[in-house]
Amino acid sequence: MRASLLAPLLALSMLAGCATPALRGTGDLGVVIERATGSVQILDTTHRSSLAKVEGLGDLSHASISYARDERYAYVFGRDGGLTKVDILRQRIERRIIQGGNSIGGAISPDGTLVAVANYEPGGVKVFDANDLSLVADIPAVGANGKRSKVVGLVDAPGHRFVFSLYDAGEIWVADMHDPKQPVLHKFVDIGEEPYDGMITSDGRYYAAGLFGEDGVALLDLWNLDAGVKRALVEFGRHGEKLPVYKMPHLEGWAATGNQVVLPAVGQHEVIIADQNTWKEIARIPVAGQAVFAVARPDGRQVWINFAFPDNDTVQVLDLPSRSIVKTLKPGKGVLHLEFSPRGEQVWLSVRDENRIEIYDPDSFARIGTLPAESPSGIFFTSRAHRIGL
Amino acid sequence: MIATTSTPIQADTSHLSQERKHELIRLVRQDCGSCHGMKLTGGLGPALTPQALKDKPAAALISTILQGRPGTPMPPWNNFISESEAGWIVDSLQTGFPDAR
């Protein structure tokens, strides 16, 4: 399977090597992380195919990607502190550095000039020149308690800012990057215990950090920093009967659809629909397990949900108008991530334990394609380049 | 951090089938790995390398795996892992955990 897939590619890339490469855009391309082998594949959503495999990206056991605004370069943030800039047209690593000991994710500035990485070890944020990955600024995350903290939930925000949370210290920091070498920090302390991830609404206005140690989310209105961090959705979180959490939910995948957000409830078999402006709960929908990602179809009609161990063989589809689960799929063991094509006519699922990517038609729920991939995890399409907070 | 039994738990693995061991290796690398790192060098949870665990009593680590650590994200695994399996995991972690393949 793999050989037959790669053979024509090899021919293609050899051609590209000696002749002028065929002109093409990248708007229909993407990248999937192969977590066990430190490799990525470059994907094509038009032909539902894999174009190439790029190897040598280190430990990708928890990896994510931000895209350059030209949608040509993918910045891959690896677990081992690796930051790799992949040229998806030339299908090769453009540059790679080890910037920290243990990192969790990153973000790119609105103007595309700065790439920031959130580190667990040593806790803090490092900011790099998006061009050559040279260090521009180093922001150690020393909380008000004087201790260095793991950093989570790093996003870009309008106003040339990065926003992130300090897991151990329970703080949210806003870094103003107008002078990239001298970030101006606005720190919010006592925001709640153990923020484990953060997200920003698609309009760039609200930053919300999920709290593991307490109920609710810590909410910051980025249009009005003076109002400070408020607690919202206190019902959200591990209220009432608490179940053990086998995998932290990802808030980046919180579906923001028009004026609603859909959030996985921590430690419960429910997702919560909330109003994006008032941050009040609208409804609670029982689901098959503990949700990890809740991803909205770009038209906002459906939200696709995957689950933590031991329910990670299941995907459910929530129909938003009727607020009901309209489909339960069993794509295989270890469904780790899902990503819609830019206009949502396809959804791609990575099925880790089956070593496959499955492609579905979200209207008919029919499987319309399968690609081999080694322990696939995150799937990231280039359309993310133009979305705030991704 | 209370051991579940008074006698030190030996990693009695004689009855663990090869197949079950493979499942456990996969579980540790993938599902524990989501917090501890697939290479077990740490993430949200601490490193589980021989270096990091060498001075820690096995019984306490086994108890952590089975009961979890309330008040932290470390969940209890006793619904999925037996005591002797946890013993085998701790023994393997302390001596160098096998690769998935």
Side-chain angles (χ1 to χ4, degrees), chain A residues 33-38 58-63 78-81 101-105 118-121 123 150-153 167-168 193-197 210-214 238 242-250 266-267 290 292 308-312 333-334 336 352-353 355 374-375 377, chain B residues 1 4 19-53 61-83 85-86 89 93 96-101:
Chain A
I33 306 282
E34 295 182 306
R35 69 199 293 267
T37 44
D59 179 357
L60 297 182
S61 62
H62 191 298
R79 165 67 88 192
D80 57 358
N102 194 328
S103 67
I104 183 66
N119 286 316
Y120 276 166
E121 194 50 58
K150 296 187 186 83
V151 170
V152 299
Y167 170 81
D168 308 276
E193 258 177 63
E194 293 169 337
Y196 59 90
D197 199 5
L211 301 174
F212 190 83
E214 285 176 66
R238 306 172 307 143
K242 293 173 187 172
L243 298 172
V245 176
Y246 292 101
K247 185 173 164 67
M248 288 296 192
H250 274 269
V266 188
Q290 294 187 26
V292 176
F309 174 89
D311 301 304
N312 57 7
K333 270 189 168 175
L336 289 198
R352 181 192 65 201
D353 296 356
N355 295 309
E374 254 176 278
S375 282
S377 59
Chain B
M1 289 267 279
T4 44
E19 199 191 338
R20 182 61 184 154
K21 282 185 194 166
H22 276 295
E23 278 172 22
L24 290 174
I25 292 170
R26 185 160 199 121
L27 179 88
V28 171
R29 293 250 170 228
Q30 306 285 3
D31 296 298
C32 312
S34 71
C35 285
H36 293 279
M38 203 164 55
K39 304 216 160 129
L40 306 173
T41 48
L44 191 74
L48 300 178
T49 52
Q51 175 85 353
L53 297 182
L61 296 173
I62 290 168
S63 160
T64 296
I65 294 173
L66 294 174
Q67 319 299 327
R69 289 234 181 113
T72 81
M74 175 63 189
W77 291 85
N78 51 7
N79 282 344
F80 308 101
I81 300 173
S82 72
E83 188 162 319
E85 288 171 350
I89 290 173
L93 287 170
F97 203 78
D99 275 328
R101 274 164 301 168

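Order of the sequence lines fixes the chain letters, A, B, ..., with proteins taken first and strands second; residue numbering starts at 1 for each chain. Since we're looking at a predicted model, the values are computed, not measured. These values consider heavy atoms only, across backbone and side chains, with no hydrogens, waters or symmetry-generated copies.
The structure places NZ of K39(B) at 11.5 Å from CZ of R79(A), a figure rounded to the nearest 0.5 Å. Atom-to-atom distance recorded for R35(A):CZ and R29(B):CZ is 11.0 Å, nearest 0.5 angstrom. Rounding to the nearest 0.5 Å places OH of Y167(A) at 4.0 Å from CG of L44(B).
Using modelled atom types, no side-chain atom of D59(A) and backbone atom of M38(B) make a donor-acceptor pair closer than 3.5 Å.
Among I104(A), D353(A), D168(A), the residue with the largest count of heavy-atom pairs under 4.5 Å with chain B is D353(A). Counting heavy-atom pairs under 4.5 Å between each of G71(B), G68(B), G37(B), G42(B) and chain A puts G42(B) at the top. The greatest number of non-hydrogen atom pairs below 4.5 Å with chain A, out of C32(B), P76(B), P70(B), is found for P76(B).
Under the 4.5 Å side-chain criterion, counting only non-hydrogen atoms from C-beta, D80(A) is not in contact with T41(B).
Heavy-atom distances place the side chain of E194(A), and not its backbone, under 4.5 Å from chain B. For S375(A), the part lying near chain B is the side chain, with the backbone staying farther off; criterion is any non-hydrogen pair under 4.5 Å.
For E23(B), the CD atom is densely surrounded, since the number of other residues' heavy atoms within 6.0 Å is greater than 12.
Aromatic ring pairs are classed by plane angle as parallel below 30°, tilted from 30° to 60° and perpendicular above 60°; the pair F80(B) and F309(A) is perpendicular.
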